[in-house]
Structure formats: structure tokens, C-alpha cells
Colleague: 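Input: one structure, supplied below.
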2 protein chains.
Amino acid sequence: MTVPTESTSGPISGSGASVAVTNIGELFTGDLLADTPYGVISDAALVIEGGHVAWTGPRARCPAADTSYDAGGRAVLPGFVDSHSHLVFAGERSGEFAARMAGAAYSAGGIRSTVAATRAASDEQLHARVAGLVGEMIRQGTTTVEIKSGYGLTAHDEQRSLAIARQFTDETTFLGAHVVPDGIAVEDYVELVTGPMLAAAAPYARWIDAFCEVGAFDADQARRVLEAGAAAGLRGRLHANQLGPGPGVQLGVELGLLAVEHCTHLTAADVAALRDSGTIATLLPGVEFSTRQPYPDARGLLDGGVRIALASDCNPGSCFTSSMPLCVALAVREMGMTPAEAVSAATLGGADALGRIDVGALVPGRRADLVILDAPSHSYLAYRPGVPLVASVWRSGRPT
Amino acid sequence: MTVPTESTSGPISGSGASVAVTNIGELFTGDLLADTPYGVISDAALVIEGGHVAWTGPRARCPAADTSYDAGGRAVLPGFVDSHSHLVFAGERSGEFAARMAGAAYSAGGIRSTVAATRAASDEQLHARVAGLVGEMIRQGTTTVEIKSGYGLTAHDEQRSLAIARQFTDETTFLGAHVVPDGIAVEDYVELVTGPMLAAAAPYARWIDAFCEVGAFDADQARRVLEAGAAAGLRGRLHANQLGPGPGVQLGVELGLLAVEHCTHLTAADVAALRDSGTIATLLPGVEFSTRQPYPDARGLLDGGVRIALASDCNPGSCFTSSMPLCVALAVREMGMTPAEAVSAATLGGADALGRIDVGALVPGRRADLVILDAPSHSYLAYRPGVPLVASVWRSGRPT
């Protein structure tokens with residue numbers, strides 16, 4: 001269900017023992033039903049049993065536990081749930097990035113250069129790349145990550161991409177419909193994606209996704225991909241409305257998806273559809289940062305009643321950051337979210353976008369996936385942008 | 001001359017021994033006189049003797065050395081020279097930050113709340129704060145840092161602020177003329193700053209600075225402060241044109257300063273004055289990020305022949321980042337600089353702004369202060385924003 005444990009060493013041992021994390025300067029539980037906004041508790045404690053949260057509350061009322069850990073007055077928040085990333089690839093595109101910063105336009109076509117490099121790479125090379133990026137994510141506080149395929153674009157290469165991704169997370173997404181590779185007509189390619197490629201990929205995937213955008217797949221093609229995936233037992237996701245207005249968001253709502261992703265260019269009708277359906281808008285501000293595009297209007301979405309998730313979209317083309325703290329800082333600086341709204345979107349929002357009720361908040365029963373910041377408050381993720389503030393990351397109740 | 005060594009352990013021992021750093025994927029020497037732009041050498045090596053750079057060039061031509069270190073194909077660049085920071089303070093202003101992000105305007109008045117907290121803090125508390133921030137800077141690749149006073153604003157508190165700063169760097173700046181504290185008329189305060197406060201501060205400072213801005217000090221007052229400092233042996237710096245157009249930049253040029261700092265709001269006449277004088281414009285993009293103000297036009301300045309330095313301005317009010325990598329990323333994303341221009345401005349630019357010819361570039365004779373990135377190129381600092389890419393920091397030829 002999550003990224004694997006790199007190390008289980010640390011002060012805590014014995015999964016059956018209870019652990020009290022005490023002297024928490026600020027505990028951001030993320031509980032939207034609590035008496036305080038986002039369930040924030042000052043001078044708090046948290047008790048872990050069996051890898052899950054058993055109790056949270058004021059430190060003075062902390063129940064007894066087998067062992068304890070002093071958080072030193074620092075802030076504790078849920079581990080980040082990064083619900084959108086593309087980590088299975090080879091090569092890099094720093095030259096394309098520099099050209100874009102010098103004025104070249106972003107287009108989806110650059111994906112093809114990564115496809116060529118990925119096909120040419122060995123399984124071992126791809127595995128090592130994913131391992132490196134997942135390790136980097138964990139060190140930055142991400143405790144659950146979704147990983148897409150989409151740089152193979154053959155049945156074989158999509159299957160092996162997903163098989164590799166599956167070694168790091170259960171949240172794997174088949175994205176054969178990323179772009180149409182060279183040398184094949186789009187309709188023929190949709191047949192391939194919905195036929196043999198899906199058959200090869202499905203055993204390794206939980207989700208199916210399509211890039212519904214001018215230059216990639218239109219609404220009809222995206223619909224066929226997601227419907228074929230559903231028939232194979234895969235739940236749908238959708239890249240929608242990234243590069244311009246389009247039909248993707250409303251298609252996603254019609255298909256009952258948990259989330260539609262990017263949502264950079266929305267019409268009033270798109271916003272209304274999201275609000276009425278409860279479909280989450282997953283915003284990826286690292287992409288706008290790294291493509292110098294206008295940011296989505298998160299403030300307007302929130303004020304309009306739309307639920308938001310934040311994710312990294314870590315990929316070698318449009319956004320090569322793996323930093324959820326940066327996404328939080330950008331959400332505050334560029335999209336009008338409060339620090340608490342941004343942290344919630346990067347934790348509970350991501351969990352909801354993945355349909356996960358076991359992560360994303362530090363409430364009893366959910367997994368004790370948490371981040372200890374070298375800071376007294378969650379707001380420091382925005383107040384101190386770029387500074388590596390993640391002091392410690394715990395998964396299932398153990399320091400990584 | 002630089003931040004102190006926290007640890008001298010590592011593979012290198014014996015300051016007299018020569019060390020060859022080999023297998024450098026990309027060496028960004030920063031040498032503007034080299035045959036390649038910014039003296040970038042691929043597949044390079046670097047030899048250190050006596051803590052200084054002795055040789056750089058293609059790996060295949062690397063001379064023999066007593067010991068060697070394999071950089072693993074990673075990029076090596078000069079350590080960052082952060083020429084503008086305010087680290088001696090107590091308290092914090094995350095609440096003011098959050099209010100500003102919610103729409104409140106930034107003003108210099110918030111400085112006074114930090115002044116009250118700083119005066120109330122013990123020397124030990126102030127020292128611990130500076131030590132924490134300097135350590136954080138080192139881990140992010142900063143090997144030389146300038147530290148200002150300016151939150152004491154009495155002779156005693158400015159003196160002790162500088163005495164503490166002096167324990168971490170020789171680049172200390174007396175900024176009594178930061179704001180006018182409560183309870184004193186501005187003219188009386190200028191008398192204090194240029195009289196007893198300067199006398200108390202001067203033994204601990206190399207530089208004198210003034211905040212020349214509406215709400216702080218006008219051009220005449222700033223001039224009197226810098227002239228009094230000069231008479232006491234201190235070189236001048238100037239906060240200029242941050243919050244709006246003003247006389248600061250041209251005053252700095254007239255006074256022959258090495259650099260004027262902020263430069264957010266410049267007129268054509270300001271740009272011409274900078275170009276003709278060679279005075280460096282020190283840009284602090286973390287401030288614009290954290291105050292949601294428009295960024296200075298670095299591209300226009302460079303194209304107009306103005307030299308640029310990048311610095312963090314790390315302080316609890318307008319910008320609490322200590323991250324020079326973030327400043328580089330912002331310079332590329334928001335100010336139109338190329339990655340190489342931004343890295344040069346954050347290294348050699350900072351050194352030039354401090355009048356330092358011993359740091360800021362990896363050329364023979366300069367100090368072997370260097371950063372090894374977990375990346376193949378300096379451009380990754382912009383290509384991978386927010387990701388902690390600094391793998392290793394060496395000062396005077398030794399890993400920290």
C-alpha cells in the first residue's frame with residue numbers, strides 16, 4: 001500500500017508494543033471533524049499501537065504506553081500522500097527544461113524522447129532509478145506514492161514498468177494512453193492500449209489513466225481507454241485540462257472518477273461539475289513552476305466548494321521535483337491556499353484521491369505514517385520554502 | 001572569512017596533502033575567462049593543495065596527487081556565497097507570513113516585533129539560533145555567508161549581535177539603520193547610530209548597511225550612516241529599492257559601493273547608473289516569493305550590462321528561506337536567468353559583492369570551497385526545484 005521500508009532501525013521495536021510520541025509542539029492530525037480547524041492540537045501527544053494511530057490529544061492527557069519518544073516541541077503532521085507521479089523512466093530532459101526557460105513552449109511531444117530512453121534501459125536500470133526517486137521522496141516526507149507507467153508504450157514495456165513500480169507501491173497506474181508513439185496511427189494505438197497492452201499491464205496495476213489533451217488523446221479515446229480498464233478491474237484516473245481548456249474534467253466527472261488531475265484551465269462549467277460531483281481536483285503546481293504556466297486557481301476552487309489534492313507529478317519532462325514541501329509552498333504562494341489547506345490537500349487530499357481511508361490523517365485507526373518537522377508548525381513548510389525541514393519520517397509507526 | 005567548520009572528519013586528512021577529486025561529471029569552475037562558458041568542464045578533475053584549488057581540467061590530464069576522491073560522475077560547483085542575511089534574531093513571524101499570504105501587505109514595521117524578541121533573548125539563545133541557521137545553510141551548500149545585525153537597535157544589542165555573528169563569519173555587517181525603533185525620533189536615532197552605536201559596533205563589523213526606503217531611512221540619512229561608517233573603517237552596503245522606486249540605488253552608486261541590494265523597483269536611470277559604475281545588483285528572489293511581490297527583472301539587468309549577485313536575505317520577516325538552491329531555481333523560473341547565470345550569480349556574484357577574491361570560483365588559488373550535487377549538472381538546481389540535491393559540501397578542501 002505504500003513505499004517500502006528502507007530501514008526499520010530506530011528507537012521503536014516490536015510491532016506489538018505501544019509508543020507514545022510526546023512533547024509535540026503542534027500536532028496536525030488533519031481530522032476535518034475535530035473541534036479545531038484541521039484537528040490541530042498544541043502541546044500534544046500521539047499513541048501508536050500495531051503501526052496505527054491509537055490516540056491523539058493534549059500531552060497532559062496522554063495514556064500510558066510501552067515506550068515513548070520525545071518530539072522536542074516540533075510539529076508532527078501526516079506523511080504526504082503523493083497521488084500523481086511518473087517515476088519509471090530512463091534518461092533526463094534538463095536540456096529541454098533549459099530551452100523552455102529560455103522561451104521554448106512546452107508540448108507533450110518531449111515525452112517521446114523519454115519513451116526511447118526507457119525502452120532502451122534494462123530492468124535493473126529502471127529499478128535503480130525508481131528506488132532512487134522513492135528514497136528521495138521518503139526523505140522529503142512522502143509516505144504513500146502513486147506511480148504511473150507511460151514511458152514504455154508497448155505491451156512489454158508498459159508491463160515491465162508496472163512490475164517495477166509494483167515493487168515500490170500498490171498504487172500503480174497503467175498509462176499506456178500517455179502519448180501516441182511514433183509510427184502508429186492514434187486509432188490503432190487506442191486498439192493496442194485497450195487490447196493486448198491492457199491485458200499485459202492489468203495484473204500489475206490498480207489504476208488506469210489517460211492524457212486527455214490536444215496532442216494526446218481526445219475525450220472519446222480517453223473514455224474508451226478508461227472503460228476498457230474498468231472492464232479489466234482497473235479504476236480510472238485522468239490527466240485533464242493541463243495545457244488548455246478541454247473535455248477532460250467533465251469526462252472524469254461523468255465517469256465518476258475520484259479525481260481529475262492538473263485542472264489548470266477550467267471553465268465555470270468545469271468547476272460546477274467538480275463541485276456537484278465531489279470529484280477531487282488534483283493540482284500539480286510543480287508543473288506550472290517548471291513550465292512557467294499560470295497556476296490553477298485553487299482559492300477559487302476551494303471557495304467554490306471543490307475538494308483539492310496536491311501532488312508532485314514528478315517526471316523528467318514537465319516537472320522533475322519530488323518535493324511535496326515545495327508543492328505546499330507553491331500552493332500558498334501561487335494558488336492562494338492557506339498553509340493548513342495546502343497541508344491537508346497534500347495528505348488527506350491525496351489519500352482521498354486514491355480512495356485510501358487508511359492513510360492521510362493522524363486519527364485513530366489510520367496508519368501511523370507521520371512527519372516530524374524541524375519547525376514548530378506546519379506553516380513553516382510555506383514560511384521557509386526550499387529549506388529541508390523534514391527531520392524524521394515514520395511509516396506504520398516506525399522511523400524510516 | 002567563512003562559516004566555521006562543524007566537522008573536519010572525512011576522507012581527506014593532512015592540510016599539506018594534495019587531493020585529486022576525479023570523475024566529476026561536470027565541473028562548474030565559474031571561470032569567466034575560460035574558453036567555455038562559465039568555465040564548465042565535462043568529465044573533469046580538480047586538484048586541491050593546502051585547502052586551495054591547485055588545478056582543474058579534463059580528468060584524463062589530471063596530475064598526480066597524494067589522495068583521490070571519486071565524485072561518481074556528479075556535478076561539482078563552487079560553494080554558494082550568500083552575501084545578504086539577517087541571522088541574529090529571536091522569535092519568529094509565521095503568523096505575519098500567513099496573514100500576508102492571506103492578503104495583508106508587507107511593511108518594514110514588522111521588524112520591530114523581532115527587535116523586541118531579540119532584545120529579550122540571552123546571548124546563548126541568539127548564538128544557538130545563528131548556529132542552527134548557519135548549519136542549515138552549510139548543508140544546503142553555502143560556504144561563505146554575510147550576517148547583519150539590525151534587530152538590536154541599541155548600542156548594547158547591536159554590539160552583542162555582531163559579536164555573536166563574528167563567531168560564525170568575518171563578513172559581519174552593522175545594520176543599526178534597519179528601522180527606527182519605537183520611542184525615538186528619526187533624527188535622534190541617526191545621531192545614535194552614527195555615534196555611540198557605531199562606536200560599539202565597529203570593532204565587530206566589516207560592513208555598514210542602511211535600509212534606504214520609505215518607512216525606514218531617506219537618502220540623506222542613509223548617506224550620513226554610511227559616511228560615518230566609512231570614517232570608522234567600515235565599508236558600505238545598502239538595502240535599496242525594495243518596496244518601491246527610490247534614491248537608494250543611485251546613492252549606492254555615488255558612494256562607490258560594491259553592491260546595492262534588493263533592486264526590485266528600478267528606473268532606467270537606476271539601471272544605467274549600475275551599468276556605468278559596475279556596482280553589483282544583489283537580487284533576493286526569496287523575498288519576492290515570500291512577500292508575493294513582483295520579481296526584479298534580472299534578464300533586463302543582464303542584457304543591460306549590469307552585474308548580478310543572488311543572495312538569500314534569510315530573515316524572520318520578509319523571507320525565512322536559507323536555501324541558495326531555491327534562489328537559483330527562482331532566478332531561472334521568475335527572473336529569466338539561465339541556470340548557469342544563476343549559479344554564477346550565487347557564487348562568484350556573491351564573492352564580488354563582498355569584495356572577496358578568494359572564494360566564489362573553482363580556479364587555481366581560490367579556496368577549495370565546493371558543492372557536490374546528487375545530479376549530473378548545475379542545471380538540476382533549477383530543473384529539480386525544492387529537491388535537496390546537495391550531496392556534500394567541502395570547505396578549504398575538506399568535506400564538512
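Proteins get letters first, then strands, A, B, ... in listed order; numbering begins at 1 in each.
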Colleague: Can you tell which of A/Met337, A/Met101, A/Glu334, A/Met137 has the highest number of heavy-atom pairs within less than 4.5 Å of chain B?
Modeller: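 Ranked by contacts with chain B, first place is A/Met101.
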
Colleague: Which atoms of B/Ser94 are under 4.5 Å from chain A, going by heavy atoms: the side chain, the backbone, both sets, or neither?
Modeller: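 Looking at B/Ser94, backbone and side chain both touch chain A.
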
Colleague: Answer with side chain, backbone, both or neither: which region of A/Ala375 has an atom nearer than 4.5 Å to a non-hydrogen atom of chain B?
Modeller: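 Neither part.
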
Colleague: State which residues pass side-chain hydrogen bond (donor to acceptor under 3.5 Å, both in side chains) with A/Ser290; sequence neighbours excluded, sorted by chain then number.
Modeller: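 Scan of A/Ser290 (side-chain hydrogen bond (donor to acceptor under 3.5 Å, both in side chains), adjacent residues dropped) gives none.
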
Colleague: Measuring heavy-atom distances to chain B, does A/Thr338 have an atom under 4.5 Å in its side chain, in its backbone, in both, or in neither?
Modeller: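 Neither; nothing under 4.5 Å.
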
Colleague: Name, in order of residue number, those residues of residues 294-303 of chain A that have a heavy atom at a distance of less than 4.5 Å from a heavy atom in chain B; otherwise write 'none'.
Modeller: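 The list, in residue order, reads A/Tyr295.
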
Colleague: Which one wins on heavy-atom pair count under 4.5 Å against chain A: B/Pro316, B/Pro385, B/Ser377?
Modeller: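 If we count pairs closer than 4.5 Å to chain A, B/Pro385 comes out on top.
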
Colleague: For A/Gly386 and B/Gln140, work out which heavy atoms get closest and say how close.
Modeller: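 Heavy atoms only, the tightest pair is O-OE1, 3.5 Å.
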
Colleague: Examine distances only and state if a side-chain atom of B/Tyr383 and a backbone atom of A/Arg93 form a donor-acceptor pair shorter than 3.5 Å.
Modeller: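 Yes: the side chain of B/Tyr383 pairs with the backbone of A/Arg93.
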
Colleague: Please report the shortest heavy-atom distance between A/Arg292 and B/Arg333, naming the atom on each side.
Modeller: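 Closest approach of A/Arg292 to B/Arg333: NE-O, 2.9 Å.
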
Colleague: I need the A/Arg384 CZ to B/Glu92 CD distance, nearest 0.5 Å.
Modeller: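 One finds 10.5 Å between CZ of A/Arg384 and CD of B/Glu92.
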
Colleague: Hey, which residues of residues 78-85 of chain A are touching chain B, say heavy atoms under 4.5 Å apart?
Modeller: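 None at all.
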
Colleague: Among residues 317-326 of chain B, which residues come closer than 4.5 Å to chain A, judged by heavy atom distances?
Modeller: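 B/Phe320, B/Thr321, B/Ser322, B/Ser323, B/Leu326, listed by number.
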
Colleague: Mind ranking B/Val387, B/Leu330, B/Val332 by heavy-atom pairs under 4.5 Å with chain A and telling me who comes out on top?
Modeller: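 Option with the greatest count: B/Val387.
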
